[in-house]
There are 2 protein chains.
Amino acid sequence: MAGDTRERIMESARLTVQDLGYGGLSFRELAKDVGIKSASIHYYFPTKGDLGEAILGRYIDRYAAFLEGLLEAGTEPGALMRHYTDMFRATLLNGNRLCLAGMLSAERNELPAEICAEILRWGEMNESWIARVLALQGTGDPADFRPRAAAVFAAVSGAQMIAHGRHDVALYDDVVAAYRASGLIP
Amino acid sequence: MAGDTRERIMESARLTVQDLGYGGLSFRELAKDVGIKSASIHYYFPTKGDLGEAILGRYIDRYAAFLEGLLEAGTEPGALMRHYTDMFRATLLNGNRLCLAGMLSAERNELPAEICAEILRWGEMNESWIARVLALQGTGDPADFRPRAAAVFAAVSGAQMIAHGRHDVALYDDVVAAYRASGLIP
DNA sequence: ACCTGAACACCGTTCAAGT
DNA sequence: ACCTGAACACCGTTCAAGT
């Protein structure tokens, strides 16, 4: 089946980067997992940076589609934000993994420029979606909620990161609950 | 002067890890910076993990002392938290670096257990300090403010991480301002 | 179109050998 | 006490060679 090898390279690489980081991704281990030689990976992705850009680009597109679907299915801010925080929670449950973009954010100073550009796009996408949700409960344009949306995005990302660092999903739950109690998250 | 080489190894290593991550720290580059051969580093730190544990341990001790000093010098929660958020801001200003513990939190799934234990200590230290500050403006024991303190710690850590990922200090400022506006941070 | 072995300059680590 | 060169198994990348 066409494109199957490329597909399996991307899937295995994504899972590894979310687990061990970009620096922890080895072409030789990756090739072993897919069942080819490490030199063959370069046929699909000339450099490690190309592979990183490809998996992050698709990661963003898929979550953008998922979030778009949530907005089409419901308009209650509390329920929408619950789905949003559950999304980050599920990543922790899957082998204490970190959001792909969050992991790459930490490593950004040693990443090629194309990946850094995708990290920006991840933030823009998340913040614009949250701003639309916040606009549902108040009056005004989603653009007016952009600063607070950035705060919600940063707060949820941070909760995931420290819970990942301490390998403690309950900590994520407690922190997110405190965000809600403080009124930061609807 | 005794211990000078060891000192310079630790300082150079810390700056590199906060910049490029634990995986981005190379013994050969580090040795070049200090002016010795890479094999000599193992005389001071048998393994890379030992070096990581040493620099994180000292990092935590120093910030603990700094924060303790703040609490001895003032009791106004707003001013204390301003110093706290400025501390994370200064790290971004220093070459877009990340908090050492935050960087290692992201990479934790490929770190030795001793470093993971220090990551826990970093969180405990920050949360207990924030809880003491929060207790200054309300009634009750610092322990009562522990959940909210964890939320403040996660939120500030997250703001630093996404600002680091986008190489944008203004984003950090905006997010922290939104935290204050929402009432999460005094 | 897709894959490979071999080579290259890197990496942390070990160790016998130096002073 | 402190440092080193050489070796080891790793790393991403390149390239000529295969089918």
Side-chain angles (χ1 to χ4, degrees), chain A residues 1-56 100 103-104 106-116, chain B residues 1-56 100 103-104 106-116:
Chain A
M1 38 212 75
D4 192 39
T5 301
R6 184 186 162 90
E7 175 60 36
R8 284 165 58 216
I9 291 171
M10 288 182 72
E11 183 67 4
S12 176
R14 178 183 64 79
L15 288 167
T16 299
V17 175
Q18 289 190 248
D19 181 20
L20 306 176
Y22 181 81
L25 173 68
S26 152
F27 270 41
R28 283 174 175 81
E29 289 296 321
L30 177 55
K32 215 170 288 178
D33 189 49
V34 174
I36 55 179
K37 298 298 174 181
S38 82
S40 304
I41 295 178
H42 294 275
Y43 172 76
Y44 298 95
F45 304 96
T47 69
K48 192 175 178 178
D50 293 322
L51 174 56
E53 184 188 358
I55 62 177
L56 180 55
L100 181 63
M103 181 67 84
L104 294 170
E107 296 177 290
R108 75 93 64 191
N109 285 0
E110 61 167 2
L111 298 179
E114 316 90 76
I115 298 186
C116 293
Chain B
M1 38 211 72
D4 191 39
T5 300
R6 185 188 161 90
E7 175 59 36
R8 285 165 57 218
I9 291 171
M10 289 183 72
E11 183 67 3
S12 176
R14 179 184 64 80
L15 287 167
T16 299
V17 174
Q18 289 191 248
D19 181 19
L20 306 176
Y22 181 81
L25 173 68
S26 154
F27 270 42
R28 284 174 175 82
E29 290 296 321
L30 177 55
K32 215 170 289 179
D33 189 50
V34 174
I36 55 178
K37 297 298 174 182
S38 82
S40 303
I41 295 178
H42 294 274
Y43 172 76
Y44 298 95
F45 305 96
T47 67
K48 192 174 177 179
D50 293 322
L51 174 55
E53 183 188 358
I55 62 176
L56 180 55
L100 182 62
M103 181 66 85
L104 294 170
E107 296 177 290
R108 75 93 63 193
N109 285 0
E110 59 167 2
L111 298 178
E114 315 91 75
I115 298 185
C116 292

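In what follows, every chain begins at residue 1, and chains take the letters A, B, ... in the order their sequences are listed.
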Visitor: Do the side chains of A:Glu11 and A:Arg14 get close enough for a salt bridge, i.e. N-O under 4.0 angstrom?
Guide: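 Salt bridge between A:Glu11 and A:Arg14, a charged N being under 4.0 Å from a carboxylate O: yes.
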Visitor: Can you tell me the distance, in whole Å, between the OH atom of A:Tyr44 and the P atom of D:dT14?
Guide: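 Going from A:Tyr44 (OH) to D:dT14 (P), I get 18 Å.
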Visitor: Who does C:dC15 pair with, Watson-Crick or G-U, both distances under 3.5 Å?
Guide: D:dG5
Visitor: Would you mind reading off the distance between B:Phe27 atom CZ and C:dT14 atom P, rounded to a whole angstrom?
Guide: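 Between P of C:dT14 and CZ of B:Phe27: 10 Å.
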Visitor: For A:Leu25 and D:dG12, give me the distance from atom CG to atom C1', rounded to whole Å.
Guide: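 That distance rounds to 11 Å.
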Visitor: When you compare C:dC3 with D:dA16, how far apart are their C1' atoms, in angstrom units rounded to a whole number?
Guide: 13 Å
Visitor: Sub-3.5 Å donor-acceptor pair from the side chain of A:Glu107 to the main-chain atoms of A:Gly23, do we have one?
Guide: yes
Visitor: Rounded to whole Å, please give me the gap between CG in B:Leu30 and P in D:dC3.
Guide: 13 Å
Visitor: Decide yes or no for B:Ile9 and B:Ile36: does some side-chain heavy atom of the first lie under 4.5 Å from some side-chain heavy atom of the second?
Guide: yes
Visitor: Could you measure between the two C1' atoms, the one in D:dC10 and the one in C:dA9, and give it in whole Å?
Guide: 13 Å
Visitor: List every contact pair, protein side and nucleotides 4-10 of chain D side both N or O, where the distance is under 3.5 Å.
Guide:
from, atom 1, to, atom 2, distance (Å)
D:dT4, OP2, B:Lys37, N, 2.8
D:dT4, OP2, B:Ser40, OG, 2.9

Visitor: Are B:Leu51 and B:Leu25 side-chain neighbours, meaning at least one heavy-atom pair lies under 4.5 Å?
Guide: yes
Visitor: Is the backbone of B:Glu7 close enough, under 3.5 Å, to the side chain of B:Tyr44 for a donor and an acceptor to pair up by distance?
Guide: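 Not at all, since once roles are kept as given, no pair shorter than 3.5 Å links the two residues.
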Visitor: Start with the C-alpha gap between A:Thr16 and A:Leu30, add the side-chain angles, then the distance that decides, and say whether side-chain contact (heavy atoms from CB on, under 4.5 Å) holds.
Guide: CA-CA 9 Å; A:Thr16 299; A:Leu30 177 55; 5.8 Å; no
Visitor: Could you tell me the separation between the OH atom of A:Tyr22 and the P atom of C:dC11, rounded to a whole number of Å?
Guide: 16 Å
Visitor: Output the rounded distance in Å from CZ (A:Arg6) to P (C:dC2).
Guide: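 Spelled out: CZ on A:Arg6 to P on C:dC2 is 11 Å.
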Visitor: Between A:Lys48 and A:Phe27, is NZ or CZ placed under 6.0 angstrom from the six-membered ring centre and within 45° of the ring axis?
Guide: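 Relative to the ring axis of A:Phe27, which defines the angle, A:Lys48 lies outside at least one limit.
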Visitor: Could you tell me the separation between the CG atom of B:Leu51 and the C1' atom of C:dT13, rounded to a whole number of Å?
Guide: 14 Å
Visitor: How long is the line joining NZ of B:Lys48 and C1' of C:dT14, in whole Å?
Guide: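 Distance, rounded to whole Å: 17 Å.
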